[in-house]
Each structure stands twice: as C-alpha cells, then as structure tokens.
Protein chains: 2
Amino acid sequence: MGHLSITEENYLKSILKLSEHNHTKIGTNEIAYEINISAASVSDMLKKLADKKLIIYQKYYGVKLTKTGEQYAKNLVRKHRLWEVFLTQKLQFSWDEVHDLAEQLEHVKGDDMINRLEKFLGNPKFDPHGDPIPDNKGNIVVRKQQLLIELKKGEKAVIIGVKDTAATFLQFLDSIKISLGTKFTVIGVVIYDHSMQLKLQDGRELMLSQQVCSNIYVSS
Amino acid sequence: MGHLSITEENYLKSILKLSEHNHTKIGTNEIAYEINISAASVSDMLKKLADKKLIIYQKYYGVKLTKTGEQYAKNLVRKHRLWEVFLTQKLQFSWDEVHDLAEQLEHVKGDDMINRLEKFLGNPKFDPHGDPIPDNKGNIVVRKQQLLIELKKGEKAVIIGVKDTAATFLQFLDSIKISLGTKFTVIGVVIYDHSMQLKLQDGRELMLSQQVCSNIYVSS
DNA sequence: TTCGTAATTTAGTCTTGTCTAAAAAATAAT
DNA sequence: ATTATTTTTTAGACAAGACTAAATTACGAA
Ligand SMILES: [Mn+2]
Ligand SMILES: [Mn+2]
Ligand SMILES: [Mn+2]
Ligand SMILES: [Mn+2]
C-alpha cells in the first residue's frame with residue numbers, strides 16, 4: 001500500500017470505471033479517451049502500474065486491475081462519493097456542482113478521516129447521483145435497478161439514479177423538477193421516436209425523450 | 001489569479017509564515033529549512049514566483065510577498081484553519097491530529113466551497129490551536145494576547161492558543177488536562193529556572209517548565 | 001581594507017508525467 | 001492469404017521540481 005500519485009490514482013479509477021461496463025480487458029485507447037491523454041502516455045503509465053502490481057498488463061492485449069488495484073480504485077470511488085454527499089448534504093451544493101470538487105477531494109490521503117466522514121454523514125449508501133458508496137472493504141450494495149427506457153406502458157416506478165452525470169443533464173432534470181425519489185407511472189410510449197410520457201405522483205404529466213430515458217435509473 | 005501548483009502554494013505559505021515573526025526580507029536558507037528542501041531548489045522557485053509577480057525578489061538580497069502573493073498565502077492559511085476546525089468540530093479529531101490532513105485539504109481549489117464551509121462551521125474566528133482565521137478578504141482578527149511566560153505572580157489569565165503546534169506538545173497538554181479556555185492564576189515563579197506554578201480554576205495546582213510557558217498564549 | 005566564511009546562485013542531472021512522430025503489432029477487409 | 005487499417009508501443013523531447021557540486025556574492029572579523 002505504498003502511496004500513489006494523483007496521476008496513478010486517476011488511471012486506476014478510470015480503469016475501474018471502464019471495467020464496469022466492459023467485462024473484457026480494457027484497451028489503451030479507451031483509457032486515453034477517458035482521461036483525455038495521449039495513447040502513448042497511457043502506454044507508458046501502464047508499464048509503471050504493472051510494475052507496481054496494480055494491473056495485469058500484456059503488451060498489445062489490454063489491461064485489467066489486480067485485486068490490489070481494484071481495492072485501491074474502489075477506495076477512491078468510496079472517497080469521491082462520500083465527499084459528494086458531504087458537499088450536497090452539509091454544504092448545500094446541488095448535484096450538478098459537486099463532481100469537480102470531489103475529483104480533488106478524493107485524492108486527500110487519510111482512510112481514518114474517510115471513515116469518520118462516513119459516520120458523520122450517517123453512513124449513506126448512495127451518493128447524490130444515486131451511485132452506491134463502497135464500504136471500507138470495497139463492498140458495494142447492489143440494488144435491483146433498470147433504465148427508465150426499459151419500462152412498458154402502465155408500469156409504476158421511482159427514480160433512483162442517473163447514468164449520465166453531466167451538469168447540463170442534471171440541470172435539465174432540476175428544471176423539470178425531477179429528482180431522486182420521484183415516483184411516476186408510464187402512461188405512454190411513442191412508437192416513432194421512443195419518447196415516454198409519464199404521470200408523476202404530484203399529478204404533472206411529462207414527455208421525455210429517448211435520450212433522457214436512457215440515462216435515468218429506476219426501481220419498481 | 002491563474003491557478004498555482006501545490007508546490008508554489010507551499011512556498012508562498014512558508015514565506016508568509018516567516019514574514020510574521022521576521023519583519024525584514026526572508027532569506028533563501030530560511031525558506032529551505034522551513035519546507036525541507038535544498039537552498040538551490042528554493043533559489044530556482046523564487047525566480048518563478050517573481051516572474052508571476054507573487055514575490056519581490058532581488059538576487060542575493062532575499063524576498064518579500066507582493067500584495068497578490070500575500071493575498072494568496074492568506075487564503076491558504078484561511079483554508080487550512082477552516083479545515084482544521086472541520087476536522088475537530090465535525091469529525092472529532094483531536095488538535096494534535098489535524099495539521100497533516102489540513103495540509104492536504106488546503107490545496108483543494110474552490111473558494112465557494114470554503115465560504116460555504118465557513119458558514120457551515122458557524123463562522124469560527126479561531127482554529128483548534130487558537131490561531132485566527134482570515135476572512136475571505138484576508139483580514140485577520142487581532143486579539144490582545146501574550147505568552148504565559150510573561151505573566152507575573154498573582155496574575156489571572158485564560159489560555160487562548162499555542163505557539164508550538166507539534167503533536168508531542170499538544171499531547172502533553174492533553175495529558176495534564178490543559179486546553180484552550182482553561183483559566184488559572186499564577187501562584188509562583190521559580191527564580192532559578194523560570195518554571196511557573198499555576199492554580200487552575202478547578203482547584204488543581206500545576207508546575208510548568210519555562211519551555212512550556214513560552215509556547216502558550218494567554219489573555220487576561 | 002582584505003580575507004575567510006556563510007549564504008546564495010548557477011550548472012548539470014534526475015524523475016515524473018506529458019507530448020508528437022514513427023515503428024510495430026493486431027485486426028479487418030479484400 | 002495478402003493487404004489495408006486501426007491500435008498500441010517505442011523513440012525522442014520537454015516542463016516542473018527536485019538534488020549535488022561548483023561558482024559567486026555578501027558580510028563579519030581581523
Ligand atoms: Mn481524480
Ligand atoms: Mn456521483
Ligand atoms: Mn501545504
Ligand atoms: Mn492550526
């Protein structure tokens with residue numbers, strides 16, 4: 001557990017992120033795109049991370065986190081999400097403002113501090129975007145969730161998360177007064193463009209585009 | 001106000017610190033000693049900081065913060081001390097544990113966050129060691145304070161700060177149950193070694209060495 | 001005033017993390 | 001099976017920040 005640089009931490013975190021949707025090995029280009037760096041630089045860094053046994057790396061064949069690397073990366077995600085909760089719950093930031101700050105705060109060293117922060121926040125299990133917060137051993141609560149787009153006419157559900165966390169998307173949701181916890185029924189699906197019409201618990205009716213519906217997680 | 005690296009920030013902060021006790025220009029060696037770096041490296045960095053108009057620097061003749069540099073450095077101190085308050089008040093750390101964490105947290109960018117943190121903490125004016133917290137314009141409350149060592153027999157006072165913030169010193173004070181706010185009367189001063197005998201408000205009597213008394217700030 | 005020491009700067013390297021351009025390997029297309 | 005294309009790695013450079021050793025400058029003591 002010798003301590004890593006911020007740069008190394010960011011590589012691990014993006015490899016973890018890419019691993020989540022992509023079960024096979026991660027390519028150099030994918031990482032390069034994710035953290036906005038040239039593929040050549042990524043190639044260099046992968047060698048270093050492999051030397052430190054944080055990733056399994058075979059030239060030309062992509063990369064995978066080792067158990068140690070995964071542990072480290074999950075701890076970063078834990079820190080990131082707990083800080084996001086702090087920023088929204090305690091400092092009254094909105095959910096579209098917290099990511100960049102958490103991106104910095106996640107690199108502050110001190111596991112004891114994070115455990116205390118977790119307790120101070122009341123042991124939250126999800127961050128402001130509905131993403132699960134790993135515990136201090138890296139375990140993550142799995143929730144039964146699906147994308148709004150997958151629902152059929154007549155189904156009832158509640159919004160529990162967002163897939164896209166871009167500020168513009170979050171601000172759009174704010175503007176139409178949709179947030180985590182909003183309950184609704186699907187009252188129509190347009191065949192032509194797959195827009196969905198929802199009836200919210202408060203009585204309002206709303207039409208959402210396919211793109212929006214593909215970026216909202218719900219639970220029934 | 002282009003943003004500075006952590007390294008540059010640390011230089012500014014130590015120059016400010018040295019300026020407080022030393023009203024003349026600050027020498028290269030002093031800075032080198034303060035941040036544990038070779039004088040040669042300091043010399044290099046001073047050139048860069050001067051180029052950025054953060055310090056006034058004349059080769060071989062020492063250095064002084066410009067108004068901009070001072071503003072920047074004071075903002076760092078502000079951040080450092082507010083985070084220290086957060087760590088003690090909200091996360092229940094003791095006063096000897098917070099410095100190193102604050103040393104990292106002070107470098108997180110985001111003045112809005114700091115202003116919100118300040119409000120969340122109830123606009124504290126002093127940190128856990130009794131040091132004043134600059135406001136968001138860099139203004140610092142000045143308190144009438146003196147060192148315990150300067151008191152005479154018979155004088156009453158209250159402890160409001162510590163000059164040395166080393167963990168060992170703070171832990172020693174904890175061990176003899178002395179903290180900020182402790183009230184006492186000087187009931188004797190030993191001529192031989194300048195130890196002082198105090199009678200605390202709770203009735204306990206205590207003998208403190210000259211070195212200890214030289215590192216405690218009091219107010220009458 | 002001159003000399004010797006201490007403080008400071010310069011010169012030359014090193015490491016980390018980045019880049020562009022070029023080479024090499026893997027994969028897709030014919 | 002060959003070729004063309006894409007992906008990945010290597011080569012060579014650069015900036016930031018650090019170091020050690022050597023050269024300068026300042027300054028206190030004789
Ligand atoms: Mn990061
Ligand atoms: Mn989040
Ligand atoms: Mn610092
Ligand atoms: Mn302090």
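The figures that follow rest on heavy atoms only: side chains count, while hydrogens, waters and symmetry mates do not. Convention: sequence-line order gives letters A, B, ...; per-chain numbering from 1. Keep in mind the model is a prediction, meaning the values are calculated, not measured.
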message: Enumerate the side-chain hydrogen bond (donor to acceptor under 3.5 Å, both in side chains) contacts for residues 211-220 of chain A, please, sequence neighbours excluded, ordered by first and then second residue.
response: none

- request: Mark up nucleotides 13-28 of chain C, 5' to 3', with B wherever a protein heavy atom is under 4.0 angstrom from a base atom, S wherever such an atom reaches only the sugar-phosphate, and - elsewhere.
  value: ----BBBBB---SS--

Taking only residues two or more places apart in sequence or in another chain, which ones pass side-chain hydrogen bond (donor to acceptor under 3.5 Å, both in side chains) with [X]?
{"X": "A:Lys90", "result": "none"}
{"X": "B:Gln104", "result": "none"}
{"X": "B:Asn29", "result": "none"}

Salt bridge (Lys or Arg N to Asp or Glu O under 4.0 Å) partners of [range], not counting sequence neighbours, each pair once:
{"range": "residues 16-29 of chain A", "answer": "A:Lys17-A:Glu34"}
{"range": "residues 65-77 of chain B", "answer": "B:Lys67-B:Glu70, B:Glu70-B:Lys74"}
{"range": "residues 109-118 of chain B", "answer": "B:Glu9-B:Lys109, B:Arg78-B:Glu118, B:Asp112-B:Arg116"}

[atom1] of [X] versus [atom2] of [N]: gap in Å, rounded?
{"X": "B:Lys47", "N": "C:dT8", "atom1": "NZ", "atom2": "C1'", "result": "11 Å"}
{"X": "B:Ile26", "N": "C:dA7", "atom1": "CD1", "atom2": "P", "result": "15 Å"}
{"X": "B:Ile31", "N": "D:dG17", "atom1": "CD1", "atom2": "C1'", "result": "16 Å"}

Listing time: all N or O pairs from protein to nucleotides 2-6 of chain D that are below 3.5 Å?
none

field: Name of the residue among B:Asp174, B:Thr88, B:Thr165 meeting side-chain hydrogen bond (donor to acceptor under 3.5 Å, both in side chains) with B:Trp95
entry: B:Asp174

message: Check the phosphate of D:dT9 against A:Thr28, side-chain N and O only, distance under 4.0 Å to OP1 or OP2. Yes or no?
response: yes

